[in-house]
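Worksheet: the structure to be examined is printed underneath.
In listed order, ligands and their atoms are each counted from 1. The model shown is predicted, which means the values in this text are computed figures rather than measured ones. Position 1 is the first residue of the sequence, and the numbers go up from there.
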Amino acid sequence: MDRIKLFAPATVANLSCGFDVLGCCLDGVGDEMIISKNSKQKLRITKIIGQNLPLEVNANVAGVSAEALLAELDEKQGFDIEIKKNIKAGSGIGSSAASATGAVFGINKLLGEPFTTNELIKFAMEGERLASGNAHADNVAPALLGGFSLVKSYEPLEILSLPSLPELRMLILHPLIELKTKDSRSIIKQNVELKKAISQWGNLAALVSALYTQDYNLLGRSLKDEIIEPVRSILIPYFDDLKALASANGALGFGISGSGPSVFALCKGDGVAEKVKSEFQEFYQDKNIDFDLHLSKINSEGIKIIN
Ligand code: HSE
């Protein structure tokens with residue numbers, strides 16, 4: 001095999017109570033990537049469609065992630081990477097993670113899988129380091145593994161896959177403003193009040209329990225964030241109104257997707273998700289805000305080969 005085409009999915013990180021440790025994978029939106037072997041003994045980003053992103057390998061998240069993998073193997077084989085960006089950079093649904101995971105997943109396949117999918121996470125995290133100044137794993141892990149991922153620890157890196165619930169629908173509302181993860185991280189306070197930490201880890205533990213016990217109600221009640229959301233939500237137009245709309249129309253929970261500006265409404269079933277979608281649509285149209293909406297199931301497979 002000399003060439004591979006991939007679907008690299010969007011992801012939602014944090015899920016309110018799990019800043020930097022929790023994320024899930026979407027199936028409704030993602031990038032397409034083509035990775036092929038070349039005879040130049042060189043890694044090249046040959047084409048990026050849909051976004052104005054750097055082609056220089058060391059300035060591109062796909063490039064640095066791929067370089068990290070090749071360096072560990074001391075591999076001289078060259079590769080060409082083409083990226084069709086369907087996920088907008090700075091949208092908060094794992095745009096950099098999709099490109100980073102696509103590169104390492106594709107190259108690993110073409111090299112005969114020297115690494116397990118779980119082992120690829122640390123290389124893809126190098127892309128996140130470039131994009132945001134911090135090598136967080138809560139987008140790249142679910143993009144690679146599918147479903148829900150929990151970062152049990154960063155040092156040493158240990159990632160757990162959690163079960164999903166079949167009727168979950170993730171609605172993403174993306175106000176069309178670009179918010180760089182780096183900037184959105186820079187405003188977070190570095191110290192957490194004990195009272196807030198207690199509430200946060202209680203919710204995170206309850207969310208994990210809800211996934212194992214298939215308890216939609218508990219899952220919804222666990223989607224709370226007392227630490228990051230109050231700070232970041234001021235960057236998102238009409239955040240509180242959207243949250244109230246989501247709740248009034250039956251969403252299980254609502255929060256910031258990753259570092260924003262996208263927000264998510266997690267719903268049970270298509271009916272509720274469609275209702276929340278049309279409410280969000282009407283609301284933002286009324287306010288004259290440009291937006292994208294993506295409605296997705298939880299993608300249990302993660303990144304995949306498409307031909
Ligand atoms: N956990 C990261 C953050 C995710 O919130 O900054 C970025 O998508």
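Classification of R3 and D80 as a salt-bridged pair fails, no side-chain N sitting under 4.0 Å from a carboxylate O. Ion pair K277/E282 not flagged as a salt bridge, since none of the NZ, NE, NH1 or NH2 atoms sits closer than 4.0 Å to an Asp/Glu carboxylate oxygen. Checked for salt-bridge contact, K85 and E32 miss the test: no charged N lies under 4.0 Å from a carboxylate O. Comment: D31 does not engage K84 in a salt bridge, judged by the lack of any side-chain N to carboxylate O separation of less than 4.0 angstrom.
Each of the atoms 5 (O), 8 (O) of ligand 1 lies under 4.0 Å from some heavy atom of G258. Atoms of ligand 1 found under 4.0 Å from any heavy atom of F19 (numbered from 1 in listed order, with element): 3 (C), 5 (O), 6 (O). Set against the non-hydrogen atoms of N14, the atoms of ligand 1 under 4.0 Å away are 1 (N), 2 (C), 3 (C), 5 (O). Those atoms of ligand 1 with a heavy atom of A13 less than 4.0 angstrom away are 4 (C). Residue T181 has at least one heavy-atom neighbour below 4.0 Å for each of these atoms of ligand 1: 6 (O), 7 (C).
Residue, atom and distance of the protein heavy atom nearest to atom 6 (O) of ligand 1 are R185 NH1, 2.7 Å. Atom 1 (N) of ligand 1 has D20 OD1, 2.5 Å as its closest protein atom, hydrogens excluded (heavy atom only). Protein heavy atom at the shortest distance from atom 7 (C) of ligand 1 is H136 CE1, 3.5 Å.
Taking the six-membered ring for Trp and the full ring otherwise, F115 and F123 have centroids separated by under 6.0 Å.
Tested against D215, the residues L218, L211, L219 include a single side chain to side chain contact (heavy atoms under 4.5 Å, CB included) partner, L218.
Here I228 has no heavy atoms under 4.0 Å from ligand 1, in either its backbone or its side chain. At a heavy-atom distance under 4.0 Å, only side-chain atoms of N139, from C-beta outward, approach ligand 1.
Linking ILVMFWY residues whenever their side-chain heavy atoms come closer than 4.5 Å, directly or via other members, leaves W201 and I227 in distinct clusters.
Using cut-offs of 30° and 60° for the angle between ring planes, the Y284 and Y238 rings count as perpendicular.
Distances shorter than 4.0 angstrom occur between a heavy atom of R232 and an atom of ligand 1.
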